[in-house]
Amino acid sequence: MKLATFNINGIKARIEALPRWLEAARPDVVTLQEIKSVDEAFPRTLFEDMGWRVETHGQKSFNGVAILSRLPLEDVTRGLPGDEADEQARWIEATVIGEGRAVRLCGLYLPNGNPVEFEASGRPIASGKYGYKLAWMARMEARARALLALEEPVVLAGDYNIIPQDEDAARPEVWRSDALALPESRAAFRRILHLGYTEAFRAQVQGPRHYSFWDYQAGAWEKNNGIRIDHLLLSPQAADLLRDVKIDKAARGEEKPSDHVPVWIELDA
DNA sequence: ATGGTTGCGTAGCAA
């Protein structure tokens, strides 16, 4: 089973690039982030005509996640539990029915968290967008813990807006006081990992200069000034099935690209 | 130091 995650930065803007990538990469399932569309405006039939099942959790103008699948999906749920008042569309789950076995798949778009406010002492203040990010991650930790209790293959795939370590940025010094790299953000990410998840990419690839996002500005792509913020976390039962992982870097160099590239894994399922 | 870009939606925010 080939599972991918792809922050497309707007379905309307990627109406050509996304189908092109799907045809070339042929994943079985894809979680999409930043569809930036309400469910009714998502071009569902375009993908259904290509053979994809389509499940969206959209929102006007911002955020929005979706799952496209060639395999059957069951028990689709929308929204991250833990805050009924949260209206941001950043979480979708489905059970993917593979040939061998089923995988519980979560597609997530973790809050960016910028701008961060600081006290005079230099300590970040956990309020506003940064506070929302940390609170959201605490809710995700609870959901990730509950999913582990299933003792089944679980994949948490998406745009985490977390640079896990300095080696995951071309210019780590630029990100020191950014919500994507602040110690509290990284610690919250590690807390989820340390529940018992495996980060798929780092299970197979070591070392610097592996990125999944390059800013549109200031020639970031041309200078390879990127960051690695799109991740797939695997429960132990999923990690045991991991065969291959790849960041599809070439997608960033194609026509009208997203600022993120797809990351995919191959599971023995 | 500043501006550098793209998307959504048609101003200004988000990233």
Side-chain angles (χ1 to χ4, degrees), chain A residues 5-21 31-44 46 56-66 80 86-91 107-118 124 127-137 140 157-164 168-182 184-186 188-189 211-231 247 249-263:
Chain A
T5 181
F6 191 2
N7 181 323
I8 57 173
N9 189 20
I11 186 58
K12 293 185 199 73
R14 233 55 65 201
I15 200 68
E16 291 180 18
L18 177 58
R20 194 192 318 133
W21 180 79
T31 65
L32 302 177
Q33 299 86 37
E34 286 202 88
I35 64 172
K36 296 186 175 179
S37 158
V38 293
D39 295 335
E40 302 73 47
F42 191 90
R44 141 184 308 275
L46 169 70
T56 59
H57 180 38
Q59 177 181 342
K60 183 179 161 65
S61 304
F62 305 114
N63 308 322
V65 289
L80 178 63
D86 186 359
E87 294 185 349
Q88 300 193 29
R90 297 178 173 276
W91 186 272
L108 65 108
Y109 176 47
L110 204 149
N112 177 294
N114 287 301
V116 182
E117 285 193 277
F118 294 89
S127 63
K129 293 194 169 188
Y130 183 56
Y132 175 69
K133 177 178 192 143
L134 295 178
W136 198 95
M137 293 186 79
M140 179 175 167
D159 175 358
Y160 280 69
N161 270 314
I162 294 284
I163 302 166
D168 298 309
R171 299 179 61 195
E173 69 282 0
V174 170
W175 300 94
R176 280 280 132 70
S177 39
D178 190 286
L180 277 62
L182 277 169
E184 292 84 354
S185 300
R186 286 179 168 174
F189 178 71
Y211 311 126
S212 66
F213 169 93
W214 295 259
D215 203 297
Y216 287 125
Q217 302 184 66
W221 167 245
E222 288 74 12
K223 296 182 223 166
N224 197 25
N225 177 19
I227 53 177
R228 196 176 67 88
I229 57 175
D230 298 273
H231 311 300
I247 298 176
K249 182 176 180 180
R252 187 64 175 79
E254 304 213 336
E255 197 166 333
K256 202 163 163 48
S258 170
D259 41 7
H260 296 250
V261 296
V263 185

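No hydrogens, no waters, no symmetry mates; every other heavy atom, side chains included, goes into these values. Bear in mind the structure is a predicted one, so any value in this text is a computation, not a measurement. Proteins get letters first, then strands, A, B, ... in listed order; numbering begins at 1 in each.
- As a whole-Å value, the separation of E34(A) CD from dA14(B) C1' is 8 Å.
- If you measure from atom CG of N9(A) to atom C1' of dA14(B), you get 10 Å, rounded to the nearest angstrom.
- Separating the OH atom of Y216(A) from the C1' atom of dG7(B) is a distance of 8 Å, rounded to the nearest angstrom.
- Summarising the geometry, the separation between OH on Y132(A) and P on dA14(B) is reported as 13 Å, rounded to the nearest angstrom.
- The distance between atom CG of N63(A) and atom C1' of dG7(B), rounded to the nearest whole Å, is 13 Å.
- Following rounding to the nearest Å, H260(A) (NE2) and dG7(B) (P) show an atom-to-atom distance of 13 Å.
- A ring pair (Phe, Tyr, Trp, His ring centres under 6.0 Å) with H260(A) is found for one member of F213(A), Y216(A), W214(A), Y160(A) and no other, namely F213(A).
- The aromatic rings of H231(A) and F189(A) sit tilted, their planes meeting at an angle between 30° and 60°.
- Nucleotides dA14(B) and dG9(B) have their P atoms positioned 14 Å apart, rounded to a whole Å.
- Annotation: of the two residues near DNA chain B, Y109(A) and G10(A), the 5′-most nearest-nucleotide partner is G10(A).
- Spacing between atom NZ of K133(A) and atom C1' of dA14(B) amounts to 14 Å, rounded to whole angstrom units.
- Regarding contacts with the backbone of dG7(B), a side-chain N or O of K256(A) is found under 4.0 angstrom from either OP1 or OP2.
- For K60(A), taking side-chain heavy atoms from C-beta onward, the closest of the listed nucleotides dA15(B), dG9(B), dG7(B) is dG9(B).
- Within the 4.0 Å cut-off from OP1 or OP2 of dA15(B), at least one side-chain nitrogen or oxygen of K129(A) is found.
- For the pair K12(A) and dG9(B), the criterion of a side-chain N or O lying under 4.0 Å from OP1 or OP2 is met.
- Among the nucleotides dC8(B), dG7(B), dG4(B), the one closest to the side chain of S61(A) is dC8(B).
- Rounded to the nearest Å, the gap between the C1' atom of dA11(B) and that of dT6(B) is 16 Å.
- Pairing each heavy atom of I8(A) with each of L18(A), the nearest pair is CG2-CD1, 4.2 Å.
- Set against dG9(B), dA15(B), dG7(B), the side chain of F62(A) has dG7(B) as its closest nucleotide.
- Atom CZ in R252(A) sits roughly 10 Å away from atom C1' in dT5(B) (whole-Å rounding).
- If you check every strand for non-hydrogen atoms under 4.0 Å, F213(A) touches nothing.
- For dG12(B) and dA1(B), the P atoms lie 29 Å apart once the distance is rounded to whole Å.
- Nearest-nucleotide positions on DNA chain B for K36(A) and N114(A) put K36(A) closer to the 5' end.
- D178(A) and N114(A) are linked by a side-chain donor-acceptor pair at a separation below 3.5 angstrom, with hydrogens and angles left out of the test.
- The gap from the P atom of dA15(B) to that of dT2(B) amounts to 23 Å, rounded to the nearest Å.
- For R90(A), whose side chain is taken as the heavy atoms from C-beta onward, the closest listed nucleotide among dG7(B), dA15(B), dG4(B) is dA15(B).
- S212(A) pairs by the side-chain hydrogen bond (donor to acceptor under 3.5 Å, both in side chains) definition with D230(A), not counting sequence neighbours.
- Applying the 6.0 Å contact sphere to CD of E255(A) captures no more than 12 heavy atoms from other residues, nucleotides or ligands.
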